[in-house]
Protein chains: 2
Amino acid sequence: MGTTQLETVPEPKYWHLKTVLAEALDSEFAVGQILPNERELAARYGVARATLRQALEQLEFEGRLQRRRGVGTTVAPPRVGVDVAPVEDSWPGAPGDAWQTDGCEEVSPPARVARLLDASTTEPVSAVRRTRRAHGQTVATELLYVPCAATPGISGSGAARGHAALRALHHLELEGQERSVELGSARADDARQLDRLPGAPVLVVTTRYLSGGATMAVAVSTYRADTCRLTFGDTGAVELLAS
Amino acid sequence: MGTTQLETVPEPKYWHLKTVLAEALDSEFAVGQILPNERELAARYGVARATLRQALEQLEFEGRLQRRRGVGTTVAPPRVGVDVAPVEDSWPGAPGDAWQTDGCEEVSPPARVARLLDASTTEPVSAVRRTRRAHGQTVATELLYVPCAATPGISGSGAARGHAALRALHHLELEGQERSVELGSARADDARQLDRLPGAPVLVVTTRYLSGGATMAVAVSTYRADTCRLTFGDTGAVELLAS
DNA sequence: GAGTGGTCTAGACCACTCC
DNA sequence: GAGTGGTCTAGACCACTCG
């Protein structure tokens, strides 16, 4: 007995559904518009709610949708371009950088940071909490680690200590930065500040600031992956083009 | 009647489970080791399999686990650092770059690429397919778009055409690059090449190559987000430090 | 063919937002 | 209090890998 279908391609339902929804978003919905609720969408497409949610999750990861509990699912605007290194070759907290200092306390650095600082986890560091806002929303949180040994005379806590730690860095000559980007999921405290649920996808940018052949500071910045596109302004001609 | 618990913090089960598992990974498992299967883990922790899977998914996004159908769940090695711009300020395909040219065909550029090229979607471009390998696995796929108008005399298809298109670029003076990174989910074809399932999280790097005040090429590179940490080698002193 | 992770269902209840 | 998305369950079947 022969079968009519050759080379069956069992595409998962949620994957197909995602494609269908993506097309609907392009043609039938405007940015900011609210979609029908999940129970109705599931019924309309004849799938279980869990399956529909799997499709919506994909679209959310791609920055096409935004879901808010108690409110609904809306069509997301295009991702915001956020320049990761707006001021070329400068210390954090230099005039013109996009961050706001929220606080600072003395802690033992997490293992990964200690490794980047070429220090042990027992050596105390100042951990400066900063946030970055753009287009009316908090797009990133940051923990900036500065060894206490490099900033003599620093004490106390709060934003004042944070500013002092940053000022201390500015007296040094910045020789270079080293940066990496990876996928992460938001810890509970970061999630709260970013107005997301814990576990939301984030882009983690780790920056190492070098001076005198050593690492003088390490910044771990956590950007909302759903709304942000990280940009890296680069060599000369770019600004020419932009102007 | 009084209750013993003050300030109930209804932490989701999967979130708590994720934390517990993460600690177990640190203390009881070695890299590459295979975990008990999902049904057993779910039973062991007294949750439904779906809930356990939600926790595992989080850990996979953080690069801690690797799951393969038909095989099992293994403890992932630390993420591989992949330099996004290994050769500073050079065209793609220059000697020493990390990519392999797989093929090339003439297409109409997708809308987003056309916009970056300051061109219309009807103007034909060469789409060069490239892949990048590191540590024995394919870590990225790329589509590099070069306007046919900028590379006169190019024709045919396949790797030969790709090499020709790249060579044509090398005759121009590169004035700058502009780069962005964002989260995406793997399309079916990319997923196959990256040995992942469709929808797997990826980091999408878009690079604009500038020459003569115009955009002469656009590369859209898709990196595995689970195994890769993108690094951006930077200003001078870094190499000094590495040596 | 046995065992794994991946998909899907139908239903319940919870946390949150807004009226 | 009504309506939304978020969590969780118990179970079924499928696609894949490997011996």
Side-chain angles (χ1 to χ4, degrees), chain A residues 5 7-19 21 33-61 64-76 185-186 188 191-192 195-201 226, chain B residues 5 7-19 21 33-61 64-76 185-186 188 191-192 195-201 226:
Chain A
Q5 43 183 349
E7 248 195 297
T8 52
V9 187
E11 189 178 51
K13 260 190 198 176
Y14 78 90
W15 186 257
H16 180 243
L17 184 50
K18 177 202 135 177
T19 315
L21 287 171
Q33 191 173 350
I34 192 161
L35 268 62
N37 72 54
E38 297 185 348
R39 288 157 180 90
E40 189 187 327
L41 278 178
R44 184 179 301 184
Y45 289 103
V47 299
R49 190 173 156 222
T51 304
L52 173 83
R53 279 180 59 80
Q54 217 172 337
L56 293 184
E57 188 175 71
Q58 291 273 336
L59 291 169
E60 194 176 24
F61 280 8
R64 308 280 313 261
L65 290 180
Q66 190 153 1
R67 296 191 284 177
R68 273 173 306 171
R69 171 156 47 176
V71 180
T73 302
T74 55
V75 181
S185 63
R192 199 165 13 83
D195 190 28
R196 300 262 65 202
L197 292 175
D226 56 344
Chain B
Q5 44 182 348
E7 249 196 296
T8 51
V9 187
E11 189 178 52
K13 259 190 197 178
Y14 79 90
W15 186 257
H16 180 244
L17 184 50
K18 178 203 135 176
T19 316
L21 286 171
Q33 192 174 346
I34 193 161
L35 267 62
N37 72 55
E38 296 185 349
R39 288 157 180 91
E40 188 186 328
L41 279 177
R44 185 180 299 183
Y45 289 101
V47 298
R49 188 173 158 223
T51 304
L52 173 83
R53 279 179 61 78
Q54 217 172 336
L56 293 184
E57 187 175 71
Q58 290 274 337
L59 291 169
E60 194 177 24
F61 280 8
R64 307 280 313 259
L65 290 180
Q66 190 153 2
R67 297 192 284 178
R68 273 172 305 172
R69 173 157 41 177
V71 179
T73 302
T74 55
V75 181
S185 63
R192 200 164 11 83
D195 192 26
R196 300 261 67 199
L197 290 176
D226 56 343

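What you see below is based on every heavy atom in this structure, not just the backbone, and it leaves out hydrogens, waters and symmetry mates. In the text below, chain A, chain B and the rest are named by the order of the sequence lines, each starting its count at 1.
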Next on the checklist: Walk me through whether A:Arg49 and A:Gln54 qualify under side chain to side chain contact (heavy atoms under 4.5 Å, CB included).
Outcome noted: CA-CA 9 Å; A:Arg49 190 173 156 222; A:Gln54 217 172 337; over 6 Å; no
Checklist entry - Does a salt bridge link A:Glu60 with A:Arg64, judged by any charged N lying under 4.0 Å from a carboxylate O? => result no
Checklist entry - How far apart are the C-alpha atoms of B:Leu56 and B:Leu21, what are their side-chain angles, what is the distance that settles it, and do they pass the side chain to side chain contact (heavy atoms under 4.5 Å, CB included) test? => result CA-CA 8 Å; B:Leu56 293 184; B:Leu21 286 171; 4.0 Å; yes
Item to check | side-chain N/O B:Thr73 vs C:dT4 OP1/OP2, d < 4.0 Å | outcome: no
Checklist outcome for this item: Whether each nucleotide of nucleotides 14-19 of chain C has a protein heavy atom under 4.0 Å at its base (B), only at its sugar-phosphate (S) or at neither (-) is summarised, 5' to 3', as -BBB--
Item to check | Euclidean distance, atom CD of residue A:Glu57 to atom C1' of C:dC8 [Å, nearest integer] | outcome: 15 Å
Item to check | Any-strand Watson-Crick or G-U partner of D:dT4, both distances under 3.5 Å | outcome: C:dA15
Checklist outcome for this item: dist B:Trp15:CH2 -> B:Gln58:CD (nearest 0.5 Å) comes out at 5.5 Å
Checklist entry - Centres of the A:Phe61 and B:Phe61 rings: under 6.0 Å? => result yes
Next on the checklist: How many whole angstroms separate atom CD of B:Glu11 from atom P of D:dG6?
Outcome noted: 18 Å
Checklist outcome for this item: Residues in residues 45-55 of chain B with a heavy atom under 4.0 Å of DNA chain C, by number, are B:Arg49, B:Arg53
Checklist entry - Just how far, in rounded Å, is C1' of C:dG5 from CG of B:Leu56? => result 10 Å
Item to check | B:Arg196 CZ to D:dC16 P, straight-line distance once rounded to whole Å | outcome: 15 Å
Next on the checklist: Is the shortest side-chain heavy-atom distance between B:Arg69 and B:Leu197 below 4.5 Å?
Outcome noted: yes
Next on the checklist: Output the rounded distance in Å from CG (B:Leu197) to P (D:dT17).
Outcome noted: 10 Å
Checklist outcome for this item: Rounded to the nearest 0.5 Å, the CG atom of B:Leu35 sits from the OG1 atom of B:Thr74 at a distance of 8.0 Å
Next on the checklist: Taking only side-chain N and O atoms of A:Tyr14, does any of them lie within less than 4.0 angstrom of OP1 or OP2 on C:dC8?
Outcome noted: no
Checklist outcome for this item: A:Glu60 CD to D:dG6 C1', in whole Å, measures 11 Å
Checklist outcome for this item: Of C:dG6, C:dT7, D:dG6, the nucleotide closest to the side chain of B:Arg67 is C:dG6
Checklist entry - Any chance CG of A:Asn37 has more than 12 other-residue heavy atoms, nucleotides or ligands included, within less than 6.0 Å? => result yes
Checklist entry - Does A:Asn37 place a side-chain N or O at less than 4.0 Å from the phosphate oxygens OP1/OP2 of D:dT4? => result yes
Checklist entry - So, is B:Lys13 near the phosphate of D:dT9, with a side-chain N or O under 4.0 Å from OP1 or OP2? => result yes
Checklist entry - Would you call A:Lys18 and A:Glu57 a salt bridge, taking side-chain N to carboxylate O under 4.0 Å as the test? => result no
Checklist entry - Rounding to a whole Å, what distance do you find between A:His16:NE2 and C:dG6:P? => result 22 Å
